[in-house]
Amino acid sequence: MKQRPYRGNGCLQERLSDEICRRRDQDRDVRSRDERRQRAQNLAGTAINAMADHSASRIEQSARKHDLLDGPREFRSLRRDR
């Protein structure tokens with residue numbers, strides 16, 4: 001199959017192949033970012049559970065854990081993962 005030039009350098013097939021590879025890599029980066037965030041949150045949750053005040057009620061423990069995972073209210077708007 002003869003490849004024809006397409007708008008400047010390279011052929012259409014090469015340009016499409018490059019674009020498909022670029023988008024696949026972007027998708028892989030997004031998935032790995034989500035996986036990393038989820039893993040970090042799980043590790044933080046496990047560490048918080050290990051240091052929890054067991055004399056507090058489960059509702060109070062849950063509220064404290066939620067506050068710690070979300071971070072201070074002043075910094076929530078600055079986080080990139082939210």
Side-chain angles (χ1 to χ4, degrees):
M1 177 173 163
K2 184 177 179 185
Q3 296 179 350
R4 298 178 304 172
Y6 180 74
R7 290 188 195 170
N9 300 335
C11 67
L12 177 59
Q13 186 177 11
E14 289 173 356
R15 293 173 79 97
L16 286 174
S17 176
D18 291 344
E19 182 65 18
I20 289 169
C21 288
R22 186 180 65 77
R23 288 183 185 215
R24 184 181 59 218
D25 291 342
Q26 282 179 342
D27 183 48
R28 187 178 302 131
D29 290 343
V30 169
R31 275 188 278 140
S32 65
R33 206 175 320 134
D34 291 341
E35 290 169 358
R36 284 192 310 257
R37 179 175 53 219
Q38 184 64 39
R39 184 168 185 270
Q41 191 170 19
N42 288 341
L43 288 172
T46 303
I48 291 168
N49 287 338
M51 294 184 286
D53 178 16
H54 296 291
S55 63
S57 69
R58 288 200 178 265
I59 295 171
E60 184 63 27
Q61 288 178 12
S62 176
R64 290 175 184 176
K65 181 178 177 179
H66 182 71
D67 290 342
L68 286 170
L69 288 174
D70 282 346
R73 201 170 289 161
E74 297 84 12
F75 298 113
R76 287 182 197 160
S77 63
L78 300 175
R79 290 177 64 171
R80 285 188 256 170
D81 65 337
R82 301 277 174 181

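No hydrogens, no waters, no symmetry mates; every other heavy atom, side chains included, goes into these values.
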**Student:** Output the distance between atom CG (L68) and atom NE2 (H66), rounded to the nearest 0.5 Å.
**Tutor:**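 Between L68 CG and H66 NE2, I get 10.5 Å after rounding to 0.5 Å.
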**Student:** Within the side chain of S62, is there an N or O that forms a donor-acceptor pair under 3.5 Å with the backbone of R58?
**Tutor:**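 Such a contact is absent between S62 side chain and R58 backbone.
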**Student:** At their closest point, which heavy atom of D53 faces which heavy atom of Q61, and how far apart are they?
**Tutor:**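 Closest heavy-atom pair between D53 and Q61: O-NE2, 2.9 Å.
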**Student:** If you measure from OG1 on T46 to CD on Q41, what distance do you get to the nearest 0.5 Å?
**Tutor:**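 If we round to the nearest 0.5 Å, T46:OG1 and Q41:CD are 10.5 Å apart.
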**Student:** Which distance, rounded to the nearest 0.5 Å, do you find between the CG of L43 and the CD of Q38?
**Tutor:**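 Those atoms lie 10.5 Å apart.
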**Student:** For residues C21 and R24, determine if any side-chain heavy atom of one lies less than 4.5 Å from a side-chain heavy atom of the other.
**Tutor:**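 Of all side-chain heavy-atom pairs linking R24 with C21, at least one is under 4.5 Å.
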**Student:** More than 12 heavy atoms of other residues, nucleotides or ligands under 6.0 Å from CD1 of I59: yes or no?
**Tutor:**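 Atom CD1 in I59 is not crowded, with 12 or fewer foreign heavy atoms closer than 6.0 Å.
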**Student:** Can you check whether E60 reaches R64 side chain to side chain, under 4.5 Å on heavy atoms?
**Tutor:**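 E60 vs R64: side chains touch.
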**Student:** Just jot down the side chain to side chain donor-acceptor pair (under 3.5 Å) partners of R23, sequence neighbours excluded, or say none.
**Tutor:**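 Side chain to side chain donor-acceptor pair (under 3.5 Å) list for R23, sorted by chain: E19.
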**Student:** Might you point out which heavy atoms bring L69 and A44 nearest each other, and give the distance in Å?
**Tutor:**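 Of all heavy-atom pairs spanning L69 and A44, the closest is CD2-CB, 3.7 Å.
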